[in-house]
Every structure is written in C-alpha cells, then in structure tokens.
Amino acid sequence: MWPVRPEFVPDPALSRDEMETLQHDIAAAANFSDDSEDDSQRPTPEEAPIVAGVDQAFDDETATSALVIMQSGEVIERVHATEPTEIPYIPGLLSFREGGAILSAFKELETEPDVVLVDGSGRIHFREAGLATHIGVTLDIPTVGVAKSLLCGQPRRSLSEPLPEGTRVAIEADGDVTAPEGTVIGHAVQTRQYNSDSRYINPLYVSPGHQVSAETAADIVESQSSEYKLPEPTRLADSYAGELTRR
DNA sequence: GCGACAG
DNA sequence: ATCTTGTCGC
C-alpha cells in the first residue's frame, strides 16, 4: 500500500510549527466515525476481517517497523522495513519519528487489511492527530490507536483502582485537546485482569485512528485480544520488530 | 515559570 | 522506545 494523500506523509525535516499545522490538517481530514465514503471495501459480515498490527523497535540509528497481518487467528502475511531515525521522541510528534518506517513497511505489503492496529494514540492526542490517525489518513485506511499509557484527555471516572476485565471507561477531551470539552476521544479498555489483590494489569488506551468510531475501536481491540492484554496482531508485531532489531 | 506528555 | 535481575502469583 502506498500513500493516498502524499501531502500528509510525515517529514521529519519540518519545523515544530509546520508539524503541528500538518496535524491540524490531518485531523480535519480524519473520519472518527464508522460511516465510510466508500463501503465497497467493508468486510461482509460473513467473512472474517483482515486485521493488521504495526509496531516499531529501535537501535542506535534506525527504526524498524514490523507489520503482521492476521485473519481468523492466523498470520497470513508479515513484512518489515528499516529507516534511519531522523528526530528524537517528542510527545505529540511521534508520527514524525516513526511514520516513515511504517509507511515503508506498508509499501512491502500485498494484502489489503480491513483495519490496522497502530501502537500509540489516534484521536487521543492534543490536536486529534496521533500516530494512528496520521497513518490512517495518509493511507486512507481504517486504523485504531492502541496505547499503553494515556497521552492526554480525562477519564470519565477514576482509573486509580484496578478495573475488572471487560471494563471500558470513556476518555473525554479536556482543555489540552482541540476537540470540544467532553467529546469522547477514546476509551480505557481492560482486556485482561488478574484475580489478585497485590497484582493488577493496567488498561489499554484505545482511540479512533481513521474511519472508526471510539466504540468500534474498543470493540475491535477486545475482539482481537486473547491470552494477553495486547491484541494479538499488535503483540506479534511487537515481538517480530524486537527480533529483527536484536540481530 | 510550572506541569505534563504515546513511543 | 531501551537498558536488565529478581520476584510475585497462578
């Protein structure tokens, strides 16, 4: 797959202001709902969706992006790409560090996924344009952001107590987010939990990337999770990226 | 100036 | 993200 919107390809050479301006344009082009302009690509209810997971690993000077494609619990394709890292990690600008390697990996891909699970935030982002949104809009493909910690926004209720498995808590826009206050920009999703007093698992922070609603994003992540907290395509992409870098 | 921040 | 041993609990 190649960028459908080349003007949105993340350029690490941009100034900080230019990056933020681009993110506002991306958010304006994003679709945070389940309504598609073109539903010819939608999976029919009787066929299992093709779900991709993407994750990156780093060494001293390169970023490696790994893509794992699954259908009905089976890996049907796996690709990767390595690119030099141009800029450091800056909260809010992650896609300009990792986006290039991700888009390179997508160029190697032959299967067209129905949805992509991206490691990081989507709409849970200061300008509603996290990594998942950036990749989704640039490729014009449905994406979901799956983060292990919360970048911004306000949980509707406290997350200080462990949540039971299956619980979902809305994350609302606050003053740090461009969306109107109270807008549901994602969910804390407890895919797994221990039944113990001393040990507990933190929730995932799931948000729409592109062409999915906050509710559907959480549904997809739950449906792709099995033995572990992370959805399977993400977990496999994570370990694949790790073993590629370790060599 | 202070706080707060995906990977 | 990455650097790493022990340790907790099923």
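Chain letters run A, B, ... following the sequence lines, proteins first, then strands; residues in each count from 1. Only a predicted model underlies this, so the values are computations on that prediction, with no experimental measurement involved.
- Contact annotation for Ile124(A): no contact, since no heavy-atom pair falls under 4.0 Å across all strands.
- Using a 4.5 Å cut-off between side-chain heavy atoms of Ile, Leu, Val, Met, Phe, Trp and Tyr, with links allowed through other members, Leu109(A) and Leu103(A) fall into the same hydrophobic cluster.
- Phosphate proximity of dG9(C) to Ser198(A): present, with a side-chain N or O under 4.0 Å from OP1 or OP2.
- If you check the side chains of Asp59(A) and Thr245(A), you find no donor sitting under 3.5 Å from an acceptor.
- Residue Ser149(A) is classed as a sugar-phosphate contact, given heavy-atom separations below 4.0 Å to backbone atoms only.
- The closest side-chain donor-acceptor pair between Asp17(A) and Ser15(A), if any, does not fall under 3.5 angstrom.
- Contact check, Lys148(A) against dG7(B): a side-chain N or O comes under 4.0 Å of OP1 or OP2.
- Of the residues in residues 129-146 of chain A, Gly130(A), Leu131(A) come within less than 4.0 Å of DNA chain B through at least one heavy atom, sorted by number.
- Per the stacking criterion (ring centres < 5.5 Å, plane angle < 30°), Phe58(A) does not stack onto the base of dA1(C).
- Residue Leu93(A) is in base contact, counting any heavy-atom pair closer than 4.0 Å across all strands shown.
- If you take CZ on Phe126(A) and CD on Gln23(A), they are separated by 10.0 Å, rounding to the nearest 0.5 Å.
- Here Phe126(A) lies in heavy-atom contact (under 4.0 Å) with a base.
- Here the CD1-CZ distance, from Ile90(A) to Arg97(A), works out to 9.5 Å after rounding to the nearest 0.5 Å.
- OP1 or OP2 of dA6(B) lies within a sub-4.0 Å distance of a side-chain N or O belonging to Tyr89(A).
- Here the nucleotide nearest the side chain of Arg97(A), chosen from dG7(B), dC5(B), dG9(C), is dG7(B).
- Without hydrogens or angle criteria, Thr183(A) side chain to Ala179(A) main chain gives no donor-acceptor distance under 3.5 Å.
- Checking side-chain atoms of Ser158(A) against main-chain N and O of Ser160(A) turns up a donor-acceptor pair under 3.5 Å.
- Backbone-only contact: Ala57(A) has heavy atoms under 4.0 Å from sugar-phosphate atoms and none from a base.
- Considering only side-chain atoms of Ala147(A), the nucleotide from dC5(B), dA1(C), dG7(B) that sits closest is dG7(B).
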